[in-house]
Amino acid sequence: MTEEQLTPRSENFSDWYNELVLKAELADYSPVRGCMVVRPYGWSLWENCQAGLDRRFKETGHSNAAFPLLIPKSFFEKEKEHVEGFSPELAVVTVGGGEELEEPLVVRPTSETITGYMYSKWVKSWRDLPILINQWGSVVRWELRTKLFLRTTEFYWQEGHTVHATEKEAREETLRMLDVYADFAINDAAIPVIKGIKSEAEKFAGAVMSTTIEAMMGDTKALQSGTSHFLGQNFSRAFDIQFSDRNNEQQYAWTTSWGLSTRMVGAIIMTHGDDKGLILPPRLAPIQVVIVPIYRSETEKSVVMETADRIFAELKGSGLRIKMDDREEVTPGFKYNDWEMRGVPLRMEIGPKDVEKNSVALARRDRPGREGKSFVLQANLVETVKTTLDDIQASLLAKATAFRDSHISEAKDLDELAKAVQNGWAYSWWCENRECEIKIKELTKATTRCMPIDQPAGSGNCVICGKPAQRKVLIGKSY
RNA sequence: CGGGGUGUAGCGCAGUUGGCAGCGCACCGCGUUUGGGACGCGGGGGUCGGCGGUUCAAGUCCGCCCACCCCGACCA
């Protein structure tokens, strides 16, 4: 039950976020440092994310499987950059069944090593390829600074691990899955994302190339919301994934991996939420429509409930995710605030006047107050509701896109860069040298987010050193 | 892992010079209410973050530890 107001976003975005996650009952802190408990409402939201992604994975030919949680520690020493990247954040099991283990086991921080090991067993011939496997699960990374959904020690995600006969195929797969993520983010989560390539410094430990979808949160910080990596032959050489090609010659395979986590739930909160609470995109909302019946006397109650029950059944039958809030112990006004906190896209009020006029009152979560309220006839209600939900979905995307675009500015020199980063993201030419990237961070505290895949024509001069640059980069403070 | 802050009922907080642990909301019961966070009456709930020390006496003083938050170094 929620009754208090949130810290306004403008006052302290971080407090607003933390309070909202708790009050909307999405998640709670666990007794273990850095871990979270995802509560039913939050998990339901994640399940809807899973459904949207899983459908797309299947459509692009992937199958789900499960690999073990525990991985021999020695596996992590086989790929040099992978070890260096992940060693500091590994949780290691050294005792099992009361006995010191001969070889310590790592709680997976990601599964490239175990899939690499298994794939080397499974791949013998070009006919065995491609392998297109996804896994839904959780991983553990010993994080120093945690935040619910955005960075926790254990987090839930999916990780795809694929093997291909050629570099071209593997690179195509990398970008295909990046497209899948972008499509999901934009169309289901109503989060506008920019597809791009990570700098050498920002890429995944062990990857040849990392791609990302970057989203701008309500405080203009960037959130890396999903990544797809081209791993080249790094892991196939480390784990000996070889096959005989059509000419009977031994070849190392080409692999990819891609992941999207419960961080997406954080992205949804921070992209759409307002001072009254969560605003969920209709396609992912656990509850799309909540009915609040209104009555005074028992007589009114029976009349109102008859209509409310009928409408509930009608909408539910049409496939909508709908909830009847028939609590007796709280007033309608309380319920309005309660469901607004929880971000339900559409509220339907049904009272004696509505029964009389064959109407209902609809209140859109994305438009506060009177502006979002309308009175519609009960006839064709399913269609009215579905149209309204579609409109809310589109409005959320449009609003987030406009916000993002108004907080990205071109920056040609350091002064402009500093200003741009104050206001959001900078979009600048960059020579792609590490020294300039380090300077960007030292001088602005912002980092390169990605080099967008959609690049303008031509070339320019690096925002830092002024030397010729082939690509533009997005720079911003990030989570 | 460094710097700062906060830990007292489910939540938000007060607690003076060391002297009976409180307030608001929430919760439970009964009644009246119900179109934007209802009201009355009655009630329950506490190792004061933990451990140790000083003291006749510690929420309060001292030491150590833990958790969480904010700011920095690393990351989905």
Whole-Å distance separating the CG atom of A/Leu144 from the P atom of B/C71:
16 Å
Atom P, compared across B/C66 and B/C25: separation rounded to whole Å:
38 Å
Quick check: do A/Pro109 and A/Leu90 have side-chain heavy atoms less than 4.5 Å from each other?
yes
With C1' as the reference atom in both, quote the distance from B/A21 to B/G63 in angstrom, rounded to an integer.
25 Å
May I ask you to say whether A/Arg434 pairs ionically with A/Glu200, meaning some side-chain N is under 4.0 Å from a carboxylate O?
no
Need the pair for B/G18. Rule: Watson-Crick or G-U wobble, both distances under 3.5 Å, any strand; none if unpaired.
none
Is there a donor and acceptor pair, one atom on the side chain of A/Glu349 and one on the base of B/G36, closer than 3.5 Å?
no
Would one find a side-chain N or O of A/Lys441 under 4.0 angstrom from OP1 or OP2 of B/C74?
yes
With rounding to whole Å, what would you report as the distance between B/G37 and B/C64 at their C1' atoms?
45 Å
Do the charged groups of A/Arg310 and A/Glu306 touch, with an N to O distance under 4.0 Å?
no
Round to the nearest Å and state the distance from A/Leu362 atom CG to B/G35 atom P.
19 Å
May I have the step-by-step check of ring-ring contact (aromatic ring centres under 6.0 Å, His included) for A/Phe86 and A/Phe76, ending in yes or no?
CA-CA 8 Å; A/Phe86 281 104; A/Phe76 280 85; 7.2 Å; no
Between B/U16 and B/C11, how far apart are the two P atoms, rounded to whole Å?
23 Å
Does the pair A/Lys439/A/Glu442 count as a salt bridge with the N-to-O cut at 4.0 Å?
no
How far, in whole Å, is B/C41 from B/G5 if one measures between their C1' atoms?
42 Å
Counter-base of B/C51, judged by Watson-Crick or G-U geometry with both distances under 3.5 Å:
B/G63
Taking the side chain as every heavy atom from C-beta outward, state whether A/Ser30 and A/Glu154 have any atom pair closer than 4.5 Å.
no
Within the structure provided, determine whether A/Arg364 and A/Leu346 are in side-chain contact (heavy-atom separation under 4.5 Å).
yes
A/His407 and A/Trp425, any side-chain heavy atoms less than 4.5 Å apart:
no
Taking the six-membered ring of A/Trp258, is the NZ or CZ of A/Arg56 close enough (under 6.0 Å from the centre) and on axis enough (within 45°)?
no
Please work out which residues in residues 274-284 of chain A have a non-hydrogen atom less than 4.0 Å from an atom of RNA chain B and list them by number.
A/Lys276
Which label fits A/Trp254 and A/Phe230: parallel for a plane angle under 30°, tilted from 30 to 60°, or perpendicular past 60°?
parallel
Beyond-backbone contact of A/Leu22 with A/Tyr29, side-chain heavy atoms, under 4.5 angstrom:
yes
Has A/Arg347 got its NZ or CZ under 6.0 Å from the middle of the six-membered ring of A/Tyr336, at an angle within 45 degrees of the ring axis?
yes
d(OH, A/Tyr479; C1', B/C74) in whole Å:
17 Å
Using the side chain to side chain contact (heavy atoms under 4.5 Å, CB included) rule, pick out the option among A/Ile475, A/Val473, A/Leu474 that qualifies with A/Trp430.
A/Val473
Within this structure, what is the CZ-to-P distance between A/Arg145 and B/C70, rounded to whole angstrom?
7 Å
Base-pairing assignment for B/A9 (Watson-Crick or G-U wobble, both under 3.5 Å)
none
Looking at side-chain heavy atoms only, is the closest gap between A/Ile408 and A/Arg404 below 4.5 Å?
yes
Using a 4.0 Å cut-off on heavy atoms, which residues in residues 296-313 of chain A reach RNA chain B? List them by number, or say none.
A/Arg296
A/Glu143 has an atom CD; how far is it from atom P of B/C75, in whole Å?
9 Å
Span that lies between the C1' atom of B/U34 and that of B/A38, in whole angstrom
8 Å
Would you mind building the protein contact string for nucleotides 2-7 of chain B? One character per nucleotide, 5' to 3', B for base within reach (heavy atoms under 4.0 Å), S for sugar-phosphate only, - for untouched.
------
Contact list for RNA chain B against residues 78-94 of chain A - heavy-atom distance below 4.0 Å:
none
Are there any protein N/O atoms within less than 3.5 Å of an N/O atom in nucleotides 67-69 of chain B, and if so, which ones and at what distance?
| residue | atom | partner | partner atom | Å |
| --- | --- | --- | --- | --- |
| B/C68 | OP1 | A/Gly34 | N | 3.4 |
| B/C68 | OP2 | A/Arg33 | NH1 | 3.3 |
| B/C69 | OP1 | A/Tyr29 | OH | 3.2 |
| B/C69 | O3' | A/Asn18 | ND2 | 3.4 |

Has the side chain of A/Glu159 got a donor or acceptor atom that lies under 3.5 Å from a matching backbone atom of A/Ser111?
yes
Taking only Lys NZ, Arg NE, NH1 and NH2, and the carboxylate oxygens of Asp or Glu, determine whether A/Asp274 and A/Lys276 approach each other closer than 4.0 Å.
no
Got more than 12 heavy atoms from elsewhere within 6.0 Å of CD, A/Glu172?
yes
Taking everything shown except A/Glu298 itself, do over 12 heavy atoms lie less than 6.0 Å from its CD?
no
Using purine N1 to pyrimidine N3 plus N6-O4 or O6-N4 for Watson-Crick, or N1-O2 and O6-N3 for G-U wobble, both under 3.5 Å, which nucleotide pairs with B/A38?
B/U32
Any donor-acceptor N/O pair under 3.5 Å between B/G35 base and A/Asp354 side chain:
yes
Atom CD of A/Glu329 and atom P of B/C39: how far apart are they, to the nearest Å?
16 Å
For A/Lys445 and B/C71, what is the distance between atoms NZ and P respectively, to the nearest whole Å?
11 Å
Look at the side chain of A/Lys353 and decide which nucleotide, out of B/C71, B/G35, B/G37, has an atom nearest to it.
B/G35
Across the strands shown, which category fits A/Arg347 at heavy-atom distances under 4.0 angstrom: base, sugar-phosphate, nothing?
base
Winner on side-chain proximity to A/Asn337, out of B/G37, B/C75, B/G35, is B/G37
How close or far is atom P of B/U34 from atom NZ of A/Lys335, stated in whole angstroms?
13 Å
Applying side-chain hydrogen bond (donor to acceptor under 3.5 Å, both in side chains) to A/His161 and A/Ser257, what does each step give before you reach the verdict?
CA-CA 5 Å; A/His161 295 278; A/Ser257 67; 4.7 Å; no
Note, A/Met209 side chain near A/Lys203 side chain (heavy atom, < 4.5 Å)
no
Any N or O donor-acceptor pair under 3.5 Å from the base of B/C75 to the side chain of A/Arg151?
yes
Would you tabulate the nitrogen or oxygen pairs shorter than 3.5 Å linking the protein to nucleotides 28-32 of chain B?
none

Carboxylate-amine/guanidinium contact A/Arg176 A/Glu173, below 4.0 Å:
yes
Partner of B/C1 by Watson-Crick or G-U wobble geometry, both contacts under 3.5 Å, or none?
B/G72
B/A38 phosphate, OP1 or OP2, under 4.0 Å from A/Thr331 side-chain N/O
yes
pair_partner(B/A26), Watson-Crick or wobble, both distances < 3.5 Å, evaluates to none
Are A/Phe149 and A/Trp46, when compared by the centres of their aromatic rings, separated by less than 6.0 Å?
no
Taking the P atom of each, how far is B/G53 from B/G46, in whole Å?
26 Å
What distance, rounded to whole Å, do you find between the two P atoms, one in B/U6 and one in B/C13?
12 Å
